[in-house]
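Here's the structure we're looking at; comments come further down.
Remember, it's a predicted structure, so these values are computed and weren't measured experimentally. Chain letters run A, B, ... following the sequence lines, proteins first and then strands; every chain starts at 1.
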2 protein chains.
Amino acid sequence: MYDVAREAGVSQTTVTHVLTGKRPVSAATKERVWDAITRLDFHPNEMARALRRQRSHSVALVLPNIVHALAPVFARHAGVRLREHGFQVTIHETDGDPETAASIVGALASWPVDGAIFSGFALGPDSAEALHRRQIPFVNCGVDDEEVRPWPVVRLDQGEGMRQVLEVLAERTAGAIAYVGGPAGAPGADIRRRAYEREMARLGRPVDERLIASVAYDWRAGRQAARSLLGTGLPFGAVACANDLIAIGVCAELRGRGIAIPDDVAVTGFDNIEPDAMVEPTLTSVETHMDRIAQEGVDLLLAAMGGQEDLAANVLVQPQLVRRASA
Amino acid sequence: MYDVAREAGVSQTTVTHVLTGKRPVSAATKERVWDAITRLDFHPNEMARALRRQRSHSVALVLPNIVHALAPVFARHAGVRLREHGFQVTIHETDGDPETAASIVGALASWPVDGAIFSGFALGPDSAEALHRRQIPFVNCGVDDEEVRPWPVVRLDQGEGMRQVLEVLAERTAGAIAYVGGPAGAPGADIRRRAYEREMARLGRPVDERLIASVAYDWRAGRQAARSLLGTGLPFGAVACANDLIAIGVCAELRGRGIAIPDDVAVTGFDNIEPDAMVEPTLTSVETHMDRIAQEGVDLLLAAMGGQEDLAANVLVQPQLVRRASA
DNA sequence: CTGTTAGCGCGTTCAC
DNA sequence: GTGAACGCGCTAACAG
């Protein structure tokens, strides 16, 4: 910039103001400065700028693992929206480990981002406090429980999703409705399971513990779960699954045994991932609207970075049943 | 840091050297400084550090779209490896638009990253030149053509993948082997199509233009392609697809018409995406080893950032056929 | 409308 | 072993 100023025969101050427009500059000078800028191929150093202005125009996106089914979708929507507002996005993965998450929060103190979005896991209270202490605005998206927290949270109304699922399944069958949940303690597992029990009660359907399985969130585990459900010898007319991968596994196993879906047994998933439309039969699932969650999260963050203090908003995004062939 | 120095009763210089260890500091002083650091919860400002040292310890990851099938896998592996080496990762999406890509390269001049990884598209020569001029080391991963470029490139040996595919299909059937490619000009479409023709020739199989389709890289397009292949009335015993989504669509359509896979028609995909193991029949495909591509790319970049000049390496990663039920 | 000065938070001389 | 002073590249405060 020093060179630009010299080349244009003005002070650095003037160059700055040509760049930022924060002060009127005569057309002639402006012209000469722009000329020098293009001639020297000058680009302002954002790092120095950030240091001086105490704003880096960058936000950290912290999530368990970018490979998880919905993570890229979230990252995409959040990223686009943030970039629209002139923010750069840095990405951090916790690997689902709270300790790693905490250390990332610690590192955030060194890399002065203007804000942070935590997605796909619940922030620990100590981390939240640390961020607060360092005045780093943040939001916590995709939290998989119902706890109310004293910081901004955007979550999906999982109970409502389960309600819609069970409504459809109850229509489909008068028989028992089994449930295959995620592993206890895993994100979303507990809340979805409780929602299942609650909604079953509301529908006046009995819950039989023997028809409830808890397995890993993947496809093989789904097959396995179907086997053990069938192994009980108990009849059932539907299976609600906590996750699409599980549901696809369940379908595969059932079909392998000659059980017709949805006529003999109806099956539902949850999350509405891409393969749902490609498997046979296509899978009825629940759209979790990652786009809206990301949008709400970013909007909240932008507001917080804009100076609005202490808004501990609790946004609840409504899911939507996507009805396909399996139920 | 000023505060830490005062609290410990030393100069800022000493604090720096306690932090960086670039100069011996007496145990007693070190003790007092660490004490002050923890007491004041001090974290060095990486931004200021970067400005001073002219190294930001961050690299830019530029890709078309994080939602694309293999992008998150690449981002994951590259990210982990870069973080292991103390680098932060910023993410940028081109949306497949060369202009956007060029503007990102321009922005990189302002945001002084230590290096950049471009993945999933071929960098333009002008962008490469701009990076060179600004002394920003970079690598270009996942380039989908065979052109030799004067900058570091890591690519998959797509011809070899197609060779493996056709070898299997040729074993399966003595009949015609149809091909469903991606849209002309799309990433990987041309190279895979040419590889198909070349390998067919090597196998002594005739190529019938009427049994070649070019469609979008998605599932619906695959169904459509299968319909038009069947519509020709020409018999064929196998279909090689340029992409798994297309292949899954082809399978769906064939099965819908009562055609047995692989007995009547064998089908193969390409990329080995997750759903391959979940569809019926499971899809034979080609593993593209994004982990290895990412690793090679990062290693190349680390070497370049380490000061090794002008290494215009051309790494070729070998794909591997994953044999499943569809062929 | 423009320039001079000071300083963002550090690391690196060069001195002791 | 330690400290004082300067500067990385830029912007804000204070002049005129």
Side-chain angles (χ1 to χ4, degrees), chain A residues 1-37 40-58 86 88 106-114 134-136, chain B residues 1-37 40-58 86 88 106-114 134-136:
Chain A
M1 180 158 123
Y2 173 80
D3 296 321
V4 173
R6 209 167 36 100
E7 182 85 4
V10 295
S11 72
Q12 294 196 32
T13 311
T14 304
V15 176
T16 289
H17 288 111
V18 169
L19 256 4
T20 63
K22 287 197 176 170
R23 186 162 103 168
V25 178
S26 82
T29 327
K30 213 180 286 185
E31 174 83 21
R32 295 214 319 284
V33 171
W34 275 119
D35 212 58
I37 285 176
L40 297 177
D41 190 30
F42 166 81
H43 292 257
N45 183 324
E46 292 294 337
M47 205 123 246
R49 221 174 227 195
L51 182 59
R52 183 64 239 244
R53 304 212 262 225
Q54 305 288 39
R55 296 213 101 204
S56 60
H57 287 286
S58 71
Q88 180 141 206
L108 252 37
S110 277
W111 255 115
V113 292
D114 292 346
R134 306 193 203 299
Q135 314 249 45
I136 301 175
Chain B
M1 179 158 123
Y2 173 79
D3 297 321
V4 174
R6 211 167 34 97
E7 183 84 3
V10 295
S11 72
Q12 295 196 31
T13 312
T14 302
V15 176
T16 291
H17 289 109
V18 168
L19 256 3
T20 63
K22 288 199 175 170
R23 188 163 101 169
V25 177
S26 81
T29 329
K30 214 181 282 184
E31 175 83 22
R32 296 215 319 285
V33 171
W34 274 120
D35 211 59
I37 286 175
L40 297 177
D41 190 32
F42 168 81
H43 292 255
N45 183 322
E46 292 295 337
M47 207 123 245
R49 217 171 230 199
L51 183 59
R52 181 66 237 244
R53 305 214 260 226
Q54 305 289 38
R55 294 213 103 204
S56 59
H57 287 284
S58 71
Q88 179 141 207
L108 251 38
S110 276
W111 205 284
V113 292
D114 292 345
R134 305 193 206 301
Q135 315 250 46
I136 301 176

Distance below 4.0 Å between B:Thr13 side-chain N/O and D:dG3 OP1 or OP2: no
Sugar-phosphate only, base, or nothing, as touched by A:Gln12 at under 4.0 Å among non-hydrogen atoms: base
Atom-pair distance (CG on B:Asn45; P on D:dC8), nearest Å: 18 Å
Closest nucleotide among C:dC1, C:dT12, D:dT11 to the A:Thr29 side chain: C:dC1
Touch class at under 4.0 angstrom, heavy-atom based, for B:Ser26 against every strand present: sugar-phosphate
Distance below 4.0 Å between A:Thr14 side-chain N/O and C:dG3 OP1 or OP2: yes
Whole-Å distance separating the NZ atom of B:Lys30 from the P atom of D:dT2: 10 Å
Gap between atoms CE and C1', on B:Met47 and D:dG9 respectively (whole Å): 13 Å
A:Thr16 vs D:dA12: side-chain N/O to OP1/OP2 distance below 4.0 Å: no
Sugar-phosphate only, base, or nothing, as touched by B:Val25 at under 4.0 Å among non-hydrogen atoms: sugar-phosphate
Touch class at under 4.0 angstrom, heavy-atom based, for A:His17 against every strand present: nothing
Touch class at under 4.0 angstrom, heavy-atom based, for B:Met1 against every strand present: sugar-phosphate
Distance, rounded to the nearest Å, where B:Tyr2 contributes OH and C:dG7 contributes P: 12 Å
Any A:Lys22 side-chain nitrogen or oxygen under 4.0 Å from OP1 or OP2 of D:dA12: yes
Short side-chain N/O contact to C:dG11 OP1/OP2 from B:Arg49, under 4.0 Å: yes
Any B:Gln54 side-chain N or O less than 4.0 Å from OP1/OP2 of C:dG11: no
Among C:dG9, D:dG3, D:dT11, the nucleotide that comes nearest once only the side chain of B:Leu51 is considered: C:dG9
